[in-house]
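Because the structure is predicted, anything quoted here is derived from the model rather than measured. Here is how names work: the chains are called A, B, and so on, in the same order as the sequence lines, proteins then strands, and each is numbered from 1.
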Amino acid sequence: MPELPEVETVCRRLRPFVSGKTITAVDVLDAKIIRGHEPDIWTQQLLGETIQDVERRGKFILFKLTNGYLVSHLRMEGKFYPHGETVSPVKHTHVVFTFSDGSTLHYNDVRKFGTMELKTNEALYVTPPLSLLALEPFDPNVTAEALHERMKRMNVRAIKTALLDQSIFVGLGNIYVDETLFRAGIHPTRPAATLSLEEVEAVRQEAVAVLTEAIERGGSTIRSYTNPDGAAGTFQETLYVYGQTGEPCRNCGRPIEKMKLGGRGTHYCPHCQT
DNA sequence: AGCACTGTTTACAT
DNA sequence: TATGTAAACAGTGC
């Protein structure tokens, strides 16, 4: 489900809902979601904590607590649903937070890939997973020069695979990486080390543009993603290649093709991307 | 019915 | 070390 634009959309919706609220109960219905602590220990540490703010780092959601952070990753299908009152859990509800004002926050996840973990302030950025991330894509220190140097040292790695690696570039997933490479005119199988500085800059610029536009449109709803209000995003309406197999390329009119690369479905125009 | 596919990450093998 | 593959899980579509 979520790449950076979807996670940002979720954070923007959750921030006004949970900020300032104190946790009075936590129900763990499936312990698989909880990482780092035993579920009862994890629950005990959360009771009485007040959520100060909701932040985002890459595709991670950070609930800033009175003491430390609750770090959550939605992986493929995780969803947070805010409710004004107590609501019965449904089939794939795995964690329920109750606040002192009676409102609740449900975590639902059909595939149970998502995670939640408590971190101290000291450990947050210097331990995995956040310690493994590259800078935020909008950080001015993310330059074509730095990316180019990094890619030149790669042996055979395809540019698409490199861009999906969150330790190299943050925020792209399978939808937005295909869109980025189409817009930049770069073939997904090109070895990353063969890109010129100018091509790397084109990729960087298009990645930022795609992510920015997708945030403005509330993300992409392809299969199951919705925001915490249950609403769909609209960026899927503007996709050029992802899910457009067989459709005419908007530049040259020839059919968009799909191949398998690094285990991921990969959409591209064989004529416009070189 | 059975298999391939799905927006992510990481553990493990090579 | 770097890269590729399988696995975590459930649902959907062919």
Side-chain angles (χ1 to χ4, degrees), chain A residues 1-10 29-36 56-61 71-80 90-95 107-117 127-134 150-181 188-193 207 210-211 213-215 217-228 232-246 258-267:
Chain A
M1 169 181 98
E3 305 177 35
L4 186 149
E6 289 75 25
V7 177
E8 176 64 24
T9 302
V10 170
L29 307 177
D30 193 322
K32 182 181 183 303
I33 305 298
I34 311 306
R35 300 295 171 87
R56 180 191 57 72
R57 176 75 174 96
K59 303 175 189 173
F60 291 85
I61 299 169
V71 178
S72 180
H73 197 297
L74 303 174
R75 293 289 181 96
M76 297 291 268
E77 307 223 33
K79 295 180 178 66
F80 281 104
V90 293
K91 186 173 182 181
H92 298 295
T93 305
H94 304 311
V95 183
Y107 177 76
N108 291 29
D109 191 339
V110 168
R111 296 175 72 180
K112 300 183 194 175
F113 287 173
T115 61
M116 294 184 202
E117 183 171 12
T127 59
L130 298 192
S131 64
L132 302 175
L133 296 180
R150 178 88 183 264
M151 289 180 181
K152 278 198 295 189
R153 293 197 296 270
M154 294 175 181
N155 295 326
V156 295
R157 214 168 182 198
I159 182 63
K160 169 166 175 169
T161 310
L163 290 173
L164 284 175
D165 186 333
Q166 302 295 297
S167 74
I168 295 170
F169 193 88
V170 157
L172 295 176
N174 207 36
I175 297 174
Y176 298 124
V177 73
D178 281 1
E179 294 301 307
T180 293
L181 289 172
T189 62
R190 273 273 297 282
V210 165
L211 292 172
E213 291 169 31
I215 290 171
R217 287 175 152 272
S220 302
T221 296
I222 304 293
R223 179 172 300 94
S224 65
Y225 168 78
T226 62
N227 72 21
T234 64
F235 190 76
Q236 69 279 4
E237 298 166 5
T238 70
L239 295 176
Y240 295 159
V241 288
Y242 186 90
Q244 308 303 306
T245 311
K258 182 177 181 180
M259 64 175 295
K260 200 89 162 178
L261 202 173
R264 316 296 301 275
T266 298
H267 312 71

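- A distance of about 15 Å separates the P atoms of C:dA7 and B:dC3, rounded to the whole Å.
- Rounded to whole angstrom, the span from the CG atom of A:Leu261 across to the P atom of B:dT6 amounts to 12 Å.
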Residue pair A:Phe235, A:Tyr176: steps toward the ring pair (Phe, Tyr, Trp, His ring centres under 6.0 Å) verdict: CA-CA 10 Å; A:Phe235 190 76; A:Tyr176 298 124; 5.6 Å; yes

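- Note on A:Gly263: nothing from the nucleic acid sits closer than 4.0 angstrom, heavy atoms only.
- Classification of A:Lys79 and A:Asp109 as a salt-bridged pair fails, no side-chain N sitting under 4.0 Å from a carboxylate O.
- Under the 4.0 Å criterion applied to side-chain N and carboxylate O atoms, A:Arg217 and A:Glu237 are assigned as salt-bridge partners.
- Between the side chain of A:Lys112 and the main chain of A:His94, no donor-acceptor pair closer than 3.5 Å is present.
- If you run ring-ring contact (aromatic ring centres under 6.0 Å, His included) between A:His73 and each of A:Phe60, A:Phe80, A:Phe113, only A:Phe60 comes through.
- Judged by distance alone, with hydrogens and angles left aside, the side-chain atoms of A:Lys160 form no donor-acceptor pair with the main-chain N or O of A:Leu261 at under 3.5 Å.
- Counting non-hydrogen atoms under 4.0 angstrom, A:Tyr176 reaches nothing in the nucleic acid.
- Atom P of nucleotide C:dT1 and atom CZ of A:Arg150 are separated by 13 Å, given to the nearest angstrom.
- Helical stems of DNA chain C (runs of at least 3 Watson-Crick or G-U pairs, donor-acceptor distances under 3.5 Å) are listed by first residue: B:2-6 with C:10-14, B:8-14 with C:2-8.
- Whole-Å rounding puts the A:Lys258 NZ to B:dC5 P distance at 8 Å.
- Among the atoms of the strands shown, only primed sugar atoms or phosphate atoms (P, OP1, OP2) are found under 4.0 Å from some heavy atom of A:Gly265.
- Per the geometry, NE2 belonging to A:His267 stands 11 Å off C1' belonging to B:dC5, to the nearest Å.
- One interatomic measurement links the two molecules: CG of A:Leu132 to C1' of C:dT1, which rounds to 16 Å at whole-angstrom precision.
- In this structure, the CG atom of A:Leu163 is 14 Å from the P atom of B:dT9, given to the nearest Å.
- By the 4.0 Å N-to-carboxylate-O rule, A:Asp165 lies close enough to A:Arg157 to be salt-bridged with it.
- Look at CE on A:Met151: it is 15 Å from P on C:dA2, rounded to the nearest Å.
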Under 4.0 Å protein heavy-atom contact, by nucleotide of nucleotides 6-14 of chain C - B base, S sugar-phosphate only: --BBBS---

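- For the P atoms, the distance linking B:dA4 with C:dT5 amounts to 16 Å, nearest Å.
- Between A:His73 and B:dT8, a side-chain N or O to OP1/OP2 separation shorter than 4.0 Å is absent.
- Nucleotides B:dA11 and C:dC9, compared at atom P, are 15 Å apart to the nearest Å.
- With hydrogens and angles left out, the side-chain atoms of A:Thr93 and A:Asn108 include a donor and acceptor closer than 3.5 Å.
- Taking the six-membered ring where the residue is Trp, A:His267 and A:Tyr242 present tilted rings, their angle falling between 30° and 60°.
- Taking the side chain as every heavy atom from C-beta outward, A:Thr266 and A:Lys260 never approach each other to under 4.5 Å.
- The distance from atom CZ of A:Arg264 to atom C1' of B:dA4 is 15 Å, rounded to the nearest whole Å.
- Which of B:dT8, B:dT10, C:dG4 sits closest to the side chain of A:Pro129 comes down to B:dT10.
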